[in-house]
Chemist: 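Can you keep this structure in mind? I'll have questions shortly.
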Amino acid sequence: SLNGNLTTQRGSHNLHYGVDARLYRAFAARYPYDISPQLTFNSAYTNGPFNTSSAAPFGQDIASFLFGIPQGQMTRSASYATQEFYLGGFLQDDWKLSRKLTLNVGLRVEHETPVTERYDRSVKGFDYTSANPIQAQALANYANNPIPELPVSAFQVLGGLQFAGGSNGRDLWSQPSLVFLPRFGLAYQLGPKTVIRTGYGIYYDTLGTNRSPAIQTGFTASTPIIPSYDNGQTFAATLANPFPNGLQSPLGAAGGLTTNLGQSLTVYPTKRVQPYTQRWSFGLQHELPAGFLLDASYVGNHSIHLQVNRELNASDPSYLSTTGARDQQTINYLSQTFPNPFYGLSSVYGKTITRSDLLRPYPEFGSIQEMEPIGYAWYHALQLQVVKRFSHGYTLNVAYTFSKSLDATSFLNASDKTPWYGISTADRPHRLVISGIWELPVGRGRAFASEVPRAVDYVIGGWQLNAVISRQSGSALTWGNIIFNGDINDIALPKDQRSVDRWFNTNAGFNQVSSQQLASNLRTFPLRFNGIRGDGQALWNLSAIKYFAITEKVRFELRGECFNALNHPNLNDPNVTPTSSSFGAITAQDGFAREFQVSARIRF
């Protein structure tokens, strides 16, 4: 990085201006699954009595392990070396219009180049419209066994990955060349001890190497473990030989649209927009007697173009159930299997394929996740603060924030046009922080025992006590695709009725029968509710420091610190899976138990 700032004073104007140039580079990290496969075990082949039956709360994954039926993957990874260039410049004028009024006006301009990979070993978006090379053979296979919902004339095999380099260009995406960040501020002195301040500004985030690592699908080949090609009638992969056909070799860009057939993909759009936040505030500061300061402010911000993962290969919502209860007829209908037109075109395809997979926009692939700049968020807060400036050996700070945070950064259903908007996972309505420092007025040169012998002063003098006490609300619980037939207001329990074994009312109307849970449906139950939250957080962090003056220029410092001094058990969120045996219970702590730390330092 290279930057420089200058200040020029011209009468009532105080000008600040400067430049900021940065070159970001990122390199390959560790690849543990290149050395040993990832092995997982689930209920895919041990649930019952039907293959569409819900999984049991526990045991069926252990059964898969005992039968030696693994799932998972192993990879062969390429290294990467990505880089981007950033250049910013700003000009700000602090204009003192009068003795009481100061105006701040500024503009920052930023340029960020798209990321490139040194050897073009990276994906560059998804091709939505081109015919995949396997389309002709897949169409011929499908014509032998079409399904009524998808006539042969409508069956298409489109899309595939695009790669950087050649005619596609080296940039991994395109983005605006320049962004503008205006700033405005105003301070006005209402009286000798009272000031009001307000301000507004725009702040851009980056899309570069810190936010968007290179996607190396094709250069980094992942070989999934396929236990069975015939829904468990016979098993091809076992724990003894999880890769009977060996590992797939990375083809790089040469694989073209056939890269990762039958597997999941993650892509960035070829055209991207940087997320940004508008921030504004209005506050009043007033000096109170005895050196105290009162600060009351309203603070808000609105974030725009947040990145949200969009499922490009979502099932057509017209085929999904809307009954609000488990619709076994729809589940059986969509899970019915047919001869797979892709079988034999890649080793990952099984002999059969479900109706729901055939009806996807890109049936030759699994999930296709693309980051789209369609998310947004709001934050509003009242911030109150009382500060005692350091004097007479102590300082005190009491800060309280009453806030609300809303966002739209995830989807209820993969086929939804817009993300769900509601209470954010980061929302904490109440937060109180009290902090202080007290230098004990005892010892040589202090208010008490100021003339004690130096030997005594080594024991009683030079002490400093510190404390940081924080309390905040818990997070809103995030719910899954559940069946609830009661009153939402009955879910939360009064504080005196909550316990780690029953944090909320599990009998409020939740359907807890495993065989009756939802699947193949359009979800309507919200992600979160403002009034149904996990445990709040409380921390007392205390410390004591003892200073020893060795010489005039050398001082020895002994520090003892205690984190979570009251050993308060801050708790994780409760289990929100209705079919779980621990539904509604809290089974772990969030954070640490009481900890002590002692350190020593010589300052000279």
Chemist: Any chance the side chains of R326 and Q328 put a donor and an acceptor closer than 3.5 Å?
Modeler: yes
Chemist: Rounded to the nearest 0.5 Å, what separation is found between the CG atom of L358 and the OG atom of S315?
Modeler: 11.0 Å
Chemist: Does the cation-pi check pass for R431 over Y400, that is, NZ or CZ under 6.0 Å from the six-membered ring centre and within 45° of its axis?
Modeler: no
Chemist: Does the side chain of P151 come within less than 4.5 Å of F155's, by heavy atoms?
Modeler: no
Chemist: Is the shortest side-chain heavy-atom distance between F402 and Q383 below 4.5 Å?
Modeler: no
Chemist: In this structure, is the centre-to-centre distance between the rings of F504 and F583 below 6.0 Å?
Modeler: yes
Chemist: Mark yes when over 12 heavy atoms from residues, nucleotides or ligands other than E595 sit less than 6.0 Å from its CD; otherwise mark no.
Modeler: yes
Chemist: Using the rule given for side-chain hydrogen bond (donor to acceptor under 3.5 Å, both in side chains), can you reason through D230 versus S228, listing the C-alpha separation, both sets of side-chain angles and the distance that settles it, and then say yes or no?
Modeler: CA-CA 6 Å; D230 52 16; S228 175; 2.8 Å; yes
Chemist: Should we count CZ of R502 as having more than 12 external heavy atoms under 6.0 Å?
Modeler: yes
Chemist: Do E84 and T206 have side-chain heavy atoms sitting under 4.5 Å apart?
Modeler: yes
Chemist: Got Q385 and N397 here, is their nearest side-chain heavy-atom distance under 4.5 Å?
Modeler: yes
Chemist: Among side-chain atoms of Q336 and R355, is any donor-acceptor pair under 3.5 angstrom?
Modeler: yes
Chemist: If you look at every heavy atom in N564 and A538, which pair is closest and at what distance?
Modeler: OD1-O, 4.4 Å
Chemist: Could you walk me through whether Q71 and Y45 satisfy the side-chain hydrogen bond (donor to acceptor under 3.5 Å, both in side chains) test, starting with their C-alpha distance in whole Å, then the side-chain angles of each, then the deciding distance to 0.1 Å, before giving a yes or no?
Modeler: CA-CA 11 Å; Q71 296 191 49; Y45 297 101; 5.4 Å; no
Chemist: Quiz question: by atom type and distance under 3.5 Å, do the side chains of E110 and Y204 form a donor-acceptor pair?
Modeler: no
Chemist: By side chain to side chain contact (heavy atoms under 4.5 Å, CB included), which residues pair with T352, not counting sequence neighbours?
Modeler: N231, T337
Chemist: Is it true that E370 and R310 make a salt bridge, defined as a side-chain N closer than 4.0 Å to a carboxylate O?
Modeler: no
Chemist: Does the structure place the NZ or CZ of R197 under 6.0 Å from the centre of the six-membered ring of F282, at an angle of no more than 45° from the ring's axis?
Modeler: no
Chemist: How about H302 and Y379: does a side-chain donor come under 3.5 Å of a side-chain acceptor?
Modeler: no
Chemist: Grab the two heavy atoms, one from G72 and one from T40, that are nearest each other, plus how far apart they are.
Modeler: N-OG1, 3.8 Å
Chemist: Please name the pair of heavy atoms, one in S303 and one in T277, separated by the smallest distance, quoted to 0.1 Å.
Modeler: OG-OG1, 3.0 Å
Chemist: Would you say the side chains of Q216 and S77 form a donor-acceptor pair under 3.5 Å?
Modeler: no
Chemist: Is there a donor-acceptor contact under 3.5 Å linking the side chains of S321 and T323?
Modeler: yes
Chemist: Examine the side chains of S222 and Q73 and answer whether a donor and an acceptor come within less than 3.5 Å of each other.
Modeler: yes
Chemist: Under a 3.5 Å threshold, yes or no: a donor from one side chain and an acceptor from the other, between Q307 and E372?
Modeler: no
Chemist: Can you check whether Q537 reaches S473 side chain to side chain, under 4.5 Å on heavy atoms?
Modeler: no
Chemist: For D357 and T354, does a side-chain donor sit closer than 3.5 Å to a side-chain acceptor?
Modeler: yes
Chemist: Taking the side chain as C-beta and beyond, is there a heavy-atom pair between Y276 and L306 under 4.5 Å?
Modeler: no
Chemist: Kindly indicate, with the supporting measurements, whether the criterion side chain to side chain contact (heavy atoms under 4.5 Å, CB included) is fulfilled by L265 and L161.
Modeler: CA-CA 9 Å; L265 306 175; L161 294 178; 3.9 Å; yes
Chemist: Between T478 and R528, is any side-chain donor less than 3.5 angstrom from a side-chain acceptor?
Modeler: yes
Chemist: Would F529 and F525 count as a close aromatic pair, with their ring centres under 6.0 Å?
Modeler: yes
Chemist: Scan side-chain atoms only and decide if Q278 and W280 contain a donor-acceptor pair under the 3.5 Å cut-off.
Modeler: no
Chemist: So, D316 versus S318: side-chain donor-acceptor pair below 3.5 Å or not?
Modeler: yes
Chemist: Please name the pair of heavy atoms, one in H305 and one in P275, separated by the smallest distance, quoted to 0.1 Å.
Modeler: O-CB, 3.2 Å
Chemist: Look up atom CD1 in I69 and atom OG in S64, then write down how far apart they are to the nearest 0.5 Å.
Modeler: 5.5 Å
Chemist: Ignoring hydrogens and angles, state whether a donor on the side chain of T209 or T82 is under 3.5 Å from an acceptor on the partner side chain.
Modeler: no
Chemist: How many angstroms lie between atom CG of L150 and atom CD1 of I147, to the nearest 0.5 angstrom?
Modeler: 5.5 Å
Chemist: Does any donor atom in the side chain of D295 or S297 lie under 3.5 Å from an acceptor atom in the other side chain?
Modeler: yes
Chemist: CD/E364 to CG/N260 distance, rounded to the nearest 0.5 angstrom?
Modeler: 12.0 Å
Chemist: Flag yes if more than 12 heavy atoms outside W540 fall under 6.0 Å of its CH2 atom; otherwise flag no.
Modeler: no
Chemist: Could you report the tightest heavy-atom contact between V299 and S281, atom names first, then the distance?
Modeler: CG2-CB, 4.1 Å
Chemist: Any chance the rings of F484 and F510 have centres within less than 6.0 Å?
Modeler: yes
Chemist: Does the side chain of Q60 pick up a donor-acceptor pair with the side chain of N42 at under 3.5 Å?
Modeler: no
Chemist: Taking C-beta and beyond as the side chain, do Q285 and L294 meet within less than 4.5 Å on heavy atoms?
Modeler: no
Chemist: Take Y24 and V115, measure what side chain to side chain contact (heavy atoms under 4.5 Å, CB included) needs, and give me the verdict at the end.
Modeler: CA-CA 9 Å; Y24 287 100; V115 172; over 6 Å; no
Chemist: Hey, are N511 and N485 close enough side-chain-wise for a donor-acceptor pair under 3.5 Å?
Modeler: no
Chemist: Side chains of residues 419-426: which donor-acceptor pairs under 3.5 Å do they make with residues two or more places apart or in other chains?
Modeler:
unit_1 : atom_1 : unit_2 : atom_2 : d
S424   : OG     : D407   : OD2    : 2.9
S424   : OG     : A426   : N      : 3.0

Chemist: What's the spacing between I304 CD1 and Q274 CD if we round to 0.5 Å?
Modeler: 13.5 Å
Chemist: Give a yes or no answer on whether the side chain of N132 reaches the backbone of G159 with a donor-acceptor pair at less than 3.5 Å.
Modeler: yes
Chemist: Under 4.0 Å between a Lys/Arg side-chain N and an Asp/Glu carboxylate O for K404 and D427?
Modeler: no
Chemist: Drop me the distance from I491's CD1 to L477's CG, to the nearest 0.5 angstrom.
Modeler: 9.5 Å
Chemist: I483 and A325: which non-hydrogen atoms are nearest, and at how many Å?
Modeler: CD1-CA, 4.3 Å
Chemist: Are L257 and S130 close enough, and set up right, to give a side chain to side chain contact (heavy atoms under 4.5 Å, CB included), and what steps lead you there?
Modeler: CA-CA 9 Å; L257 300 179; S130 296; 3.9 Å; yes
Chemist: Does anything in residues 261-270 form a side-chain hydrogen bond (donor to acceptor under 3.5 Å, both in side chains)? List the pairs, not counting sequence neighbours.
Modeler: none
Chemist: Is the ring centre of Y362 less than 6.0 Å from the ring centre of F126?
Modeler: yes
Chemist: Decide whether D501 and S499 meet the rule of one side-chain donor and one side-chain acceptor closer than 3.5 Å.
Modeler: no
Chemist: Would you indicate whether the side-chain heavy atoms of W503 and D535 approach each other to under 4.5 Å?
Modeler: yes
Chemist: Go through the side-chain N and O atoms of S580 and S582 and say whether any donor and acceptor fall under 3.5 Å apart.
Modeler: yes
